[in-house]
Every structure is written in C-alpha cells, then in structure tokens.
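Here's the structure we're looking at; comments come further down.
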Amino acid sequence: MISAPDVVAFTREEELEDDLYREPPLPEEYSVPLFPFSGQGANPWAKVAGSKFTRDFILISEFSEQVGPQPLLTIPDDAKVSGTFDLNYFSLRIMSVDYQASFVGHPPGSAYPKLNFVEDSKVVLGDSKEGAFAYVHHLTLYDLEARGFVRPFCMAYISADEHKIMQQFQELSTEFSKASECLKTGNRKAFANELEKKLKDLDYTRTVLHNETEQQKKANDKGYYTTQAIEKANELASVEKSIIEHQDLLRQIRSYPYRKLKDSEFHPYEPECALDRADVGSHDHDLTSSEPGETHLYTHVPSYTPKLIKAKSAKCFDKKLKTLEELCDVYFFTQTLDQLHHIERTFRGDVCYLLTEQISRALLKQQSVTNFLFEDVSFLDEKPPEKQYRGCQGLGQDAMDEKCLEESLAPKVVISLGSYKSSVECVPIKMEQEMEDSEEPKMSESVMSEHQENLDYLDADIKGSISSGESIEVLGTEKSGSGLTKSESQASLPAMASPQAGRSKVGSRRTVSEDSIEVLSTCPSEALIPEDFKASYPSAINEEPYADDDEGGLRFTPRASPGVRDGQDDISKQESLVQVDAACCIGKESPNFLEPLAEQLGQRPCEQDGVVRIPPQPYRGPAEQGLRGGFPSHQGLSGGLLPYELDSRHLTGSREVSKSSLDECSDSTSHISSAASTCSDRTPSPAQPACAAGDRHRKRAGQNALRFIRQYPFAHPAIYSLLSGRTLVVLGEDEAMVKRLVTALSIFVPSCGGYTKPVKHWVTSALHLVDFQRWKLIGLQRAVSPAGVNVLHALSRYSRYLSILDADSKTLRCPLYKGSVVARLADHRTQIKRGSTYYMHVQSILTQLCSKAFLFTFCHHLHLPISEREPEESVVSRRMNFLKLQLGLANEDIKIVQYLAELLKLHYIQEPGQGGSPLLRFDYVPSFLYKI
Amino acid sequence: KSSVQTIGEEQIQNPYTELLVLKGHQDIVRFLVQVDDCRFASAGDDGIIFLWNAQTGEKLHELHGHTHKITAIAPFSSSDVAEEKTNLIITASADRTVIVWDCTSGRQVQKVSCFHSTVKCLTVLQRLNVWLSGGSDLCVWNQKLDLLCKTSHLTDAGISALVELPKNCVAAAVGKELIIFRLSASNNGSEGWNILEVKRLVDHQDNISSLVSVNDLTFVTGSHIGELIVWDALDWTKQSSERNFWDSSVHPDVQPEIKLSQSPHETSVQHLTSDEECVFAAVGKGIYVYNLQMKRVIACQRTAHDSSVLHIEKLPNRQLISCSEDGSVRIWELREKQQLPAEPVPTGFFNMWGFGRTNKQANQAAKKVQENTPLYFLELVGDLIGHSSAVQMFLYFGELGLATCSADHLIILWKDGERESSLRSLTLFKKLAQNGDLQLKL
C-alpha cells in the first residue's frame with residue numbers, strides 16, 4: 001500500500017474485530033448523540049434531502065411493446081434496497097432517453113426485413129427529484145415474436161452520488177458492456193434457435209399445404225380454381241415468402257459474429273472454458289466445440305417436431321412476450337447476472353474508497369520493477385479498469401500529463417458549475433479505446449479530439465442554461481464504438497473496410513480474447529462452482545452484512561423489526577467511528593504517522609456539520625512522485641542521486657509525498673463534494689471482488705502479526721530472517737497454531753517473482769534443500785514418531801540455512817539482528833489495534849525498503865567501476881558507503897536491502913517465459929538461541 | 001563421539017554462498033565430467049546423461065540411449081578436417097553398449113553394442129586420436145568407432161582402471177595385478193594398431209582400487225587394503241610404497257578397538273589425486289598427503305569425514321576438496337606448520353580463527369614431535385552441506401563454482417555469491433542499455 005497512512009480513514013472493515021467486541025460499551029454519557037436526521041435507513045453521509053433508496057443498485061428495465069417501460073429486476077434483489085424509490089417511474093425515465101436509432105423492419109429498397117445490429121448506448125442521467133443518478137446502458141435483444149424483432153432493454157446503475165457515476169463512467173461502461181455482450185451473445189443464440197424452429201415449422205406447413213393443393217388439383221377436374229384452391233395457393237405463397245424471409249434473418253444473425261469481429265470494439269462473449277463446461281450439464285452440448293467465436297453455438301440443432309403454422313398468427317396483445325431469461329438462454333442469463341452482481345460489488349461503497357483504490361493501483365502499477373516484492377500484483381495483469389488514469393500508463397511525457405490533467409478536470413467543470421440543474425443536454429463523453437501499442441498519429445489525434453471535447457463541455461454548459469425545466473438531465477451520452485457510428489447493416493456493405501478497422505484488427509483480436517478470459521475468471525457462475533470451491537470464491541468469502549441479499553433465501557440478521565435494526569446500525573456506526581480513531585492512533589514513538597494525520601485534519605475542508613467530504617482526486621501523473629516513480633519514468637534513478645532526495649527524512653517517511661499530493665488535491669478542487677453515496681460507509685465493499693479474499697487475508701494476517709509481535713520478544717530477529725531471505729521454519733505440534741504464526745509472518749516475506757509468496761503453511765515430512773530454495777517460510781509439524789526424529793535431524797543438518805521458531809517451547813534460533821528497520825516495522829508497544837491498519841503500516845515501511853533497494857540496484861556506479869582501471873575494492877567500498885551513509889542503513893539492515901536488490905535483479909534480468917531456477921543464497925553466520 | 005573435526009557456522013574463507021539445485025536424474029548420480037569451459041555432463045544409475053550449463057545451471061540436453069546404469073564416461077574432443085572442434089562424450093553402460101554423443105546438438109553420434117561384458121572404464125588417448133574401453137578385455141577404437149584391435153580375454157572381473165603412460169603405453173588395473181600394454185602401429189595397415197601386453201606387476205596384496213598418473217615419469221596406484229605404490233612410468237618399477245595409513249601403531253591416539261575391527265573398507269584407497277609434488281589419497285574416512293620427494297605422508301586428517309571419502313581434488317590455491325558418503329563436501333587447506341616443532345601450538349591461535357575443537361588441534365600439535373610427524377597440516381576452511389545422501393563426485397569449475405552430485409539424485413552447483421551478485425548487476429545494466437532504459441528522460 002503506497003499511501004497507507006493517508007488512507008487509514010478510508011479503510012473498510014467488513015466486520016468488527018474480535019478485540020473491539022470485547023471492549024465494554026461506552027457509558028451513556030460519553031456516547032455521541034444520534035444523528036439528528038436519523039430516520040428510515042439514515043446515513044449521516046448521505047444528503048439530507050437524500051434519495052429514497054438505501055444504497056446503489058442495478059436496475060434492468062424493458063420497454064415492453066405491450067405495457068411500456070417496466071422494471072424487470074434489481075440487483076441486489078431486495079426490496080429494501082430500492083426502498084420507496086419508484087422503480088416504475090425511473091424505468092420510464094431511463095427508457096425514454098434511449099437515443100439509439102432502432103429502426104427495424106423493411107428498410108426502403110430492401111425486399112426482406114433487415115436485422116438492425118444496433119450498438120449499445122451509454123447515458124448518464126440525473127433525476128434531482130428522486131435524488132438518483134444513473135449510468136444507463138441501453139441494449140437491444142432480438143425476439144422473433146416482437147415488433148420489428150427487437151426488444152429494447154436497459155441496465156442502469158443507480159446511485160445517489162453523481163460524482164461516483166461521473167468519475168467511474170469509464171469503468172461502469174466497460175463492465176456493463178461485458179454484461180451486455182453476454183446477454184446479446186445468448187440472445188443471438190436463442191434467436192437463431194428460434195428461427196430454426198420456425199423454419200422447420202414453415203417447411204412442414206409448406207409440405208402440408210403443398211400436398212393439400214395437389215390433392216385439390218387432382219380432385220378438381222373442372223378446369224378452374226375454386227376459391228378454396230386460390231386461398232390455399234395464396235397461403236402457400238405467403239409461407240414460401242415467409243421461409244425466404246426467415247432464412248435471410250437466420251443468415252443475418254449467423255453472419256453477425258464474422259462481421260463484428262472485424263470491428264475493434266467488439267468483445268464477443270466466450271463461454272466457459274472446458275473445465276467449467278463439464279459442469280454446465282444441459283448447456284454444454286451447445287458449447288462443446290472449442291472454436292473461438294460463437295458460430296458453433298448455432299450448429300447443433302436439437303431434435304424438434306415441427307408444428308403446423310396457422311395462417312393467422314396470434315394477435316399481438318394476446319401472446320405472452322418472452323421473459324429476459326427465455327430471450328437469452330438460461331446459461332447466459334445467469335452469467336450476466338453474475339457479471340451484474342460483480343459490478344454491484346465492485347462499485348459498492350464510497351467513491352472516495354473507489355478512487356483511493358484506483359490511485360493506489362495506478363501507483364502500484366507504475367512501480368513495475370519493485371511491486372512484485374511485497375504487493376499482490378496479480379490484478380495488474382487484468383485489463384486496467386481505470387481508463388481515466390491513463391496518464392499513469394503513458395508516463396514521463398509532460399504533454400501526456402497535461403492532457404490527462406485537463407481530461408480529469410473536464411468533467412468536474414461540468415459538475416461544479418451546476419449546469420446540469422434543470423436542463424437537458426447531451427454531453428459526449430469520449431471513450432477512446434486506447435490501446436497500449438497505439439501509434440503516435442493516433443495519440444495526437446486523440447489529444448486533439450479531447451481538446452475539442454473540453455470545448456464541447458463548456459459549450460454544453462452555456463447551451464444547457466437555456467433549456468427547459470425538465471427533471472431529467474442527461475449529463476452525458478455516448479455511443480459505444482470508437483467513432484464508427486454507422487449501424488451494423490451499413491457495416492455489412494463492402495465499403496465497411498475502414499482503415500481503422502483494418503489496422504487494429506490483429507490487436508483487437510488479442511484484446512478480445514483477454515477480455516473474455518477476464519470475464520470468465522472474475523465472474524464464474526456461482527451455480528457452476530462445486531461446493532468445495534465456493535470457499536475460495538471471493539464473494540463467498542466476503543462476509544458482507546448483506547451477502548444474504550444476493551442469495552435471497554438465507555437471512556442471518558434479524559430484520560423483523562426495522563427499529564431494532566436501525567438501533568443496531570447506529571451502534572455499529574458509533575463503533576466504527578471509534579474504530580477509525582483507534583486505527584489512526586499509532587504509538588507515540590512513531591510520530592511519522594501522527595503528523596500526516598494532523599495535517600490532513602487541518603487541511604480537510606469541513607462543512608457545517610463537520611463531516612469530511614472531500615473525495616480523493618484521481619491520480620494525475622508522476623510529476624511529484626520523486627522516489628516513488630516506477631522505473632520507466634526514471635524518477636527514482638535520476639532524482640535519487642540528488643542529495644536532497646537522499647535526505648533520510650525524505651526517505652523514511654512517506655509523508656512529504658503524501659502531503660504534497662494532498663495539497664494538490666485540495667488545490668485542484670475548488671468545490672467540495674456534497675454528496676456521498678448512500679449508505680456506502682456503513683456497508684463498504686471491496687473495489688474488486690478479486691481482491692476481497694486478499695483483503696480478508698491481509699486483515700487476518702495483520703491481526704496475527706500484531707499478536708505475534710506483542711507476544712514474542714524475539715519477533716525482530718525472526719522478521720529479519722524473513723526479510724533477508726533466510727528461510728524461517730515454524731515448528732510446532734498444533735497445526736492451527738503453526739498456521740496462525742505462518743499467516744502472521746507471511747506479510748514480511750518478499751516474493752521472489754511470480755504471484756504467490758514463497759510460503760508453505762504446513763509440512764509434515766522432513767525438509768530438504770530444495771524446500772529452502774522454494775519456500776522462505778515453512779510451517780513444520782513436530783511429531784514424536786520416528787519420522788519426527790528424521791524431521792528434526794534434517795533441521796539440524798540444514799541449520800545453516802534456517803531460522804527455527806519453535807512454537808511449542810517458544811524459542812527462536814536465528815542470526816543476530818542489530819538494525820533499526822525491523823524495530824519500526826514491528827514495535828511491540830504499537831497502539832495499532834486493527835489488523836488491516838497494521839498491515840498498511842507494514843506495507844508502507846516495506847515500500848520504503850523497496851525504494852531503497854531499487855536505488856541500490858539501479859545505481860550504475862555502485863556495481864560497476866566508473867573507469868576501467870578502477871579496482872574492484874573501491875567499487876565495493878563505494879557500495880557500502882552508499883548503503884550506510886546515503887541510505888542510512890545500519891548493520892543487518894544492509895543485508896535486507898542487498899537481498900531485496902538481488903531479488904530485483906533476478907526479476908529484471910529474468911527472461912519472460914523462462915521460469916529461471918530459483919537459487920538459494922545464504923551466509924555463514926552464527927545463530928543464536930532466543931528464549932522468552 | 002565422532003572425532004571428526006567440525007567447523008562452526010561462521011566460515012569466512014568459504015566462498016560458496018549461493019547454490020543452485022539441478023534436478024533431472026531419477027537415480028544416483030555418479031559421474032560428472034567437464035565438457036568445456038562452461039558445460040558439464042552428469043550421468044548415473046538411471047542411464048540418462050544430462051548436459052548442463054555450469055554458469056546458469058540450465059539444462060542443455062537430456063541424452064537418452066542407455067537402458068542400464070552408466071558405468072563410465074569420458075569427454076572426447078575431436079578436431080575435424082574443418083578444424084571445428086566438436087565436443088563429444090563417450091559413455092559406457094551396464095547394458096553393454098558404448099555411445100558417442102555430440103554435446104552441441106545433444107544427439108547420439110554412434111553406438112557400439114558388440115561387447116561381451118560391461119565396459120567399466122574408458123580412456124581417451126587424445127594424442128593418438130583413439131580411445132580405449134576396458135571390460136573383460138581391452139579394446140582400442142578410433143574416432144569413427146572402428147575397432148582397431150583388442151586383447152584376448154583377460155579376466156571376468158574386468159579392468160577396473162586405465163591410465164595413459166608415456167611411449168604409447170597404458171596401465172590397466174585388473175584385480176590385484178597391474179598390466180602394462182603397449183600400442184604399436186601395425187605393419188600391414190596404415191591406420192591399424194596392435195596392442196601387446198608388456199608387463200604384469202603383482203606388488204599389490206589386494207585389488208587395485210585407484211590408479212592415477214602424476215606426471216610423465218610417475219604414476220600411483222592404491223589398493224583396498226591401503227597400499228599406495230608409486231611407480232616409475234618409464235620402466236614400470238616401484239619407486240616407493242606406503243602401506244601403513246591404517247596402521248594404528250603409528251597413530252597412538254586412535255582407539256584400540258578400531259585396530260581390531262580394521263575392515264578393508266576403512267583402509268581402502270578410494271581415490272587418488274595429485275599435483276606435481278604430492279599425491280592426495282582418500283583412504284577410508286581420512287585424507288592423506290604423500291610427498292613424492294620426501295616419500296612420506298606429510299599431512300593427514302585421519303577422520304576427515306563421518307564416513308568414506310569418495311572423491312578428492314586439489315585446487316590450485318593449496319586447497320583440497322573432499323566429498324564423502326556422509327553427504328558433505330569439505331574444503332581443506334594445506335598449511336605449513338610453524339617451524340617450532342618442539343613447541344605445541346597455543347590453543348589461542350585456533351580460538352582466534354574461531355574454530356572449535358582446540359583440543360584436537362593441540363593433540364595434533366603435540367603429535368608433531370614424533371618421528372612420523374608431517375610438516376604440514378590440513379585445516380578445515382569450510383564445508384558444504386546440501387545433499388541428503390552420499391556425495392559421489394564433484395567437479396571444480398574454478399570461478400564458476402563447484403558442481404557436486406549425489407545419491408539423492410541431485411546435482412548442486414555451488415557458487416560464489418559475491419561474484420554472482422556482481423555478474424547479475426552487469427547483466428542488469430546490459431539489459432537496461434539494450435532496452436534503452438538508461439537514457440534519462442527529463
């Protein structure tokens with residue numbers, strides 16, 4: 001965690017710590033008076049004139065041809081969430097802003113009905129009357145029985161916080177596009193199946209009619225046609241026409257994927273991989289082919305008995321329209337629901353938290369050289385969720401920085417001017433699909449267009465002020481598609497080969513597949529997961545208070561009387577306030593962490609009610625980053641050699657950096673956010689469900705580590721062993737205790753590359769040299785059996801490579817530690833009470849260590865002679881001087897940094913793809929036995 | 001109580017602070033052989049030969065062809081007409097085949113399977129561009145694997161060791177006998193060779209277990225009951241012999257029980273190595289340094305290891321490395337004793353070096369006054385513990401480190417951590433320069 005002390009206030013705890021439960025409740029006279037406006041589902045963070053729903057939710061609506069706009073379902077599927085919010089009214093609102101030209105039917109000059117492959121449209125709208133703001137994603141599904149074969153739907157993310165919608169627009173758009181693509185893929189499949197059935201029916205009907213006509217002909221020798229015969233002939237003709245039409249439709253729907261793949265924006269939804277397919281059961285017969293694309297979906301035709309089709313079909317209003325589930329195939333429907341749940345979880349919580357998380361990720365990403373050491377970087381491989389912060393990706397160029405600065409400010413201008421009040425306006429929010437390897441001309445092009453758009457924003461403001469007093473405001477709309485706004489039917493013309501499509505074809509194919517992999521990995525269908533795996537699935541682990549909401553059936557918390565619940569909420573709210581305070585209190589001996597807090601408090605603009613309401617601002621580039629810059633920017637390398645940068649104070653505390661960035665934030669935002677998302681503080685959630693398990697693990701590890709450093713006076717040498725790469729073996733009889741210790745200590749273990757830490761929680765057999773090469777922290781069973789003797793024998797044999805923590809007799813055998821870094825890392829008198837806070841504390845100190853190791857590794861003159869004749873000794877002495885004087889390291893701390901530097905080197909020079917055999921480094925140093 | 005000298009965890013002079021475990025073999029690894037400056041081959045009971053990069057530990061090739069365990073391996077560099085030096089290795093196996101491999105391509109060049117018995121030793125006579133295989137008879141082959149000539153059936157037990165001697169002669173150890181053969185160009189053919197038995201030497205009381213050539217003038221043999229004989233390489237006469245390594249009467253501090261239960265295993269000369277002045281013998285658990293000029297043992301470490309020493313090698317820097325069945329590798333340094341023979345070395349001296357067992361040292365110092373006392377002593381400067389089973393052999397690669405192979409199926413590459421670290425830095429900056437990351441972007 002890069003800015004750990006700064007985000008303490010935003011840390012989220014899904015559940016209260018054990019410790020806090022044990023503390024006696026405050027006496028009545030000390031307790032904070034209840035929030036005066038507390039009422040139904042009160043949330044002090046929410047606007048007073050707040051919305052009628054308790055927290056963000058997703059609404060799916062349909063514009064039914066029979067009854068008009070109607071809400072279909074909400075996620076979470078809980079009436080309490082939407083509360084008194086009028087879903088019908090809001091459905092009407094959101095469906096009425098569908099700008100897409102959904103003309104379907106017989107276009108002029110065409111003999112047959114054409115399917116219109118319309119793009120999704122993405123719109124942001126606000127409804128000040130309802131206090132609701134929504135990201136609205138319109139999509140069209142095909143239904144053979146529907147008017148014009150189309151059924152318009154929309155998915156909306158509804159929140160009370162317009163900042164959240166605006167700032168997370170790109171992310172929402174990406175995520176909803178995935179869901180939409182999933183729905184549409186299923187729909188195309190279902191539609192094709194339906195067409196095939198219909199064709200069979202028609203074919204059958206034709207045969208029947210034909211036979212009848214023939215019979216009539218034979219029976220009739222009068223030479224002229226009876227009316228009956230003419231009728232039959234007409235019927236036959238219309239059936240034949242209908243067959244041709246339907247065949248054409250089938251051809252169109254089948255050719256869709258091919259056409260679409262040429263478009264760079266297309267992300268086909270690919271079904272589960274083979275492993276999951278086995279579980280799909282009834283669905284997998286459609287999906288057995290492993291070819292990419294979805295053509296195979298239509299190949300299999302289940303046996304079907306055709307029916308005779310009546311000449312006159314049922315009346316439009318008599319028939320029952322298909323449900324969404326029927327429209328998209330159950331499998332894809334559940335996949336979509338999973339994706340939507342994923343979205344709901346992802347964006348749950350305060351926008352502050354979301355942004356902090358994103359900034360933190362962006363920063364982490366920048367530290368491409370060092371981030372693998374102590375951070376969980378697995379998420380970095382995913383497609384970056386934050387397009388908004390693309391400045392972080394294209395580093396080091398001032399032009400880029402300026403550009404993204406403007407970019408990130410631009411939407412705020414719109415908001416802060418309050419121009420959205422009572423006005424209908426259309427603000428295009430450009431979503432340039434910026435590919436990593438995009439060419440230079442394209443870059444400049446996008447810069448240009450963004451300038452243009454900034455002007456557009458302002459323009460729109462002025463225009464907006466003359467608009468009427470509708471309560472619906474469209475803050476922005478956007479056609480999904482990178483400027484290619486022509487409809488699909490046009491795209492199917494030969495002229496479709498636009499230069500852009502051609503150019504990015506190869507790249508887009510690649511991204512496409514990555515995308516679909518990501519979808520599969522992040523939202524596996526819950527129903528498809530075997531019971532055993534569920535435990536490891538983030539959403540299952542994540543014990544949110546309303547996890548039951550998603551499930552629907554299980555309810556743990558008593559909900560019978562809302563009054564009781566409110567009371568509980570208030571108490572828990574108070575407790576969480578107390579918690580925050582406690583979390584900020586780090587022992588007096590570490591003033592580093594008190595100061596920034598004070599500064600923060602001083603700088604925080606407060607409103608009358610004293611509620612802090614400044615959200616963190618999007619990250620704006622590495623200019624002020626100093627030592628924290630990732631390697632490509634060379635901030636560390638170039639700046640690091642300057643004397644002031646090497647001032648130890650600057651290095652030891654992250655506070656200069658954090659302070660300065662905070663300053664920037666408060667300067668750049670003249671307005672103060674006045675709305676927080678409803679109830680998000682009470683029930684915060686992980687920004688990425690994938691991280692949920694990690695978060696939980698972190699918290700537990702932090703808590704265990706705290707316990708460890710308080711319990712064991714020799715925690716320092718133990719931690720030093722881990723940091724310097726000496727394998728620590730935790731020996732004990734009780735598996736649970738050993739595992740707990742291993743979990744606690746695991747946060748100090750540097751990774752050697754790869755995504756998993758070199759930690760083995762429990763081993764029962766004798767250790768071998770190879771184990772020390774692979775694992776740096778091992779939990780080992782102590783047994784009395786002969787095998788146990790072997791285990792101990794191996795330990796003593798390899799004792800030079802090991803530190804041994806005996807959990808039973810509470811002894812530690814390891815080398816001496818006299819440095820100072822670990823003392824700051826693990827102070828047994830620390831006032832930190834919560835696991836996650838301590839974890840952050842540890843991470844911030846480890847990050848400092850990483851930056852030192854980075855400097856040490858990448859300073860050319862520390863490792864190579866300056867001139868050719870310079871003897872090796874002088875290089876060595878220069879290196880030691882640097883470590884001691886410049887980096888301010890003492891004694892064994894040097895070894896820590898040297899070890900980290902070795903890991904950095906190995907990681908950097910390692911060829912991608914080549915695993916590289918792990919090597920074991922060790923020292924011949926004496927060990928000592930520590931006892932309690 | 002073992003009387004094995006031990007060294008503490010602090011080993012200042014031990015340069016090996018980094019190790020790489022090379023996995024691949026599925027059975028005991030018995031042989032390591034150097035192919036060129038940075039490659040080596042390993043072979044063992046699983047019949048597979050692996051080629052490794054000694055610097056990176058990368059597995060270069062996996063040579064499959066033998067169906068039984070490997071019994072002998074020899075490197076063979078042949079220069080072709082094109083003057084391109086190709087590195088070959090010859091391997092013999094218990095499946096009675098010999099295969100020649102190309103180390104560069106990792107392919108089998110040729111295979112011979114006309115042997116009546118297992119080939120137990122291979123010797124390449126680079127000078128004559130031929131190689132010899134020793135089993136129950138001795139065969140001479142040229143580079144193209146044509147059988148040039150062979151001896152008659154010698155013994156069922158077979159030739160256990162072969163060594164090249166001057167004047168186109170080879171010495172073969174057959175049981176207790178040492179047979180000298182001479183290769184002579186045949187009269188009728190241009191490339192034909194004849195092999196003739198020249199002499200049989202029967203001075204050893206027991207089977208000859210090791211045979212090593214010291215220089216052009218001398219070679220040394222050692223037998224199972226601890227005899228060491230130095231031979232003249234030209235006229236094959238006995239120059240000197242030593243046969244009381246195990247004689248406890250010379251070593252009064254050895255407990256009498258051991259004398260009674262003296263087993264051949266404990267006195268067997270397992271391995272011999274030499275430099276210009278001395279022969280180093282691994283005898284039982286001990287290491288003995290025999291000076292050729294003084295014709296006596298000048299230094300010894302009677303219990304250098306917990307069990308039999310399997311291989312020893314002399315390093316250029318007066319150091320000696322030994323490996324043993326106990327799974328450890330030890331580094332020794334041959335040090336000259338202070339020239340004050342009457343005075344026992346003060347214990348403080350050893351304390352200063354941080355070595356334990358001062359008593360042992362004092363004992364040795366006291367012993368020095370005796371008649372047989374060597375002028376030198378072997379000082380333990382480091383030990384390498386990594387293998388969990390007997391270390392069969394090792395290969396010293398100079399700067400690149402040390403490769404050890406063991407019965408635990410592993411090969412360990414021991415490296416100088418400091419050197420590796422700076423090499424990595426070098427690679428790092430090279431890669432940075434390659435990637436163009438070194439330019440400062442302002």
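In what follows, every heavy atom counts, from backbone to side chain, and hydrogens, waters and symmetry copies are set aside. Chain letters run A, B, ... following the sequence lines, proteins first and then strands; every chain starts at 1.
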Most heavy-atom pairs under 4.5 Å with chain A, out of Asn14(B), Thr427(B), Leu410(B), belong to Asn14(B)

Applying a strict 4.5 Å limit to non-hydrogen atoms, the region of Lys23(B) in contact with chain A is side chain

Just by modelled atom types, is the Leu400(B) backbone N or O under 3.5 Å from a matching donor or acceptor in the Lys415(B) side chain?
yes

Would you confirm whether Arg921(A), through its side chain, and Ser421(B), through its main-chain N or O, come within 3.5 Å as a donor-acceptor pair?
no

Considering only heavy atoms, which portion of Leu413(B) lies under 4.5 Å from any heavy atom of chain A: side chain, backbone, both, or neither?
neither

With only heavy atoms counted, which part of Tyr801(A) is less than 4.5 Å from chain B, the side chain, the backbone, both or neither?
side chain

Under a 4.5 Å heavy-atom cut-off, does chain B meet the side chain of Phe922(A), its backbone, both or neither?
both

Donor-acceptor side-chain pairing of Gln886(A) and Asn881(A) below 3.5 angstrom
no

If only side-chain N and O atoms count, and only distance matters, is there a donor-acceptor pair under 3.5 Å linking Ser422(B) with His863(A)?
no

Highest number of heavy-atom pairs under 4.5 Å with chain B: which of Glu872(A), Arg797(A), His768(A), Arg879(A)?
Arg797(A)

For the residue pair Lys285(B) and Ser308(B), confirm or rule out a side-chain donor-acceptor distance under 3.5 Å.
no

Is Leu920(A) close to chain B through its backbone or its side chain, or both, or neither, when contacts mean heavy atoms under 4.5 Å?
both

Thr727(A)-Trp775(A) side chain donor-acceptor pair, cut-off 3.5 Å:
no

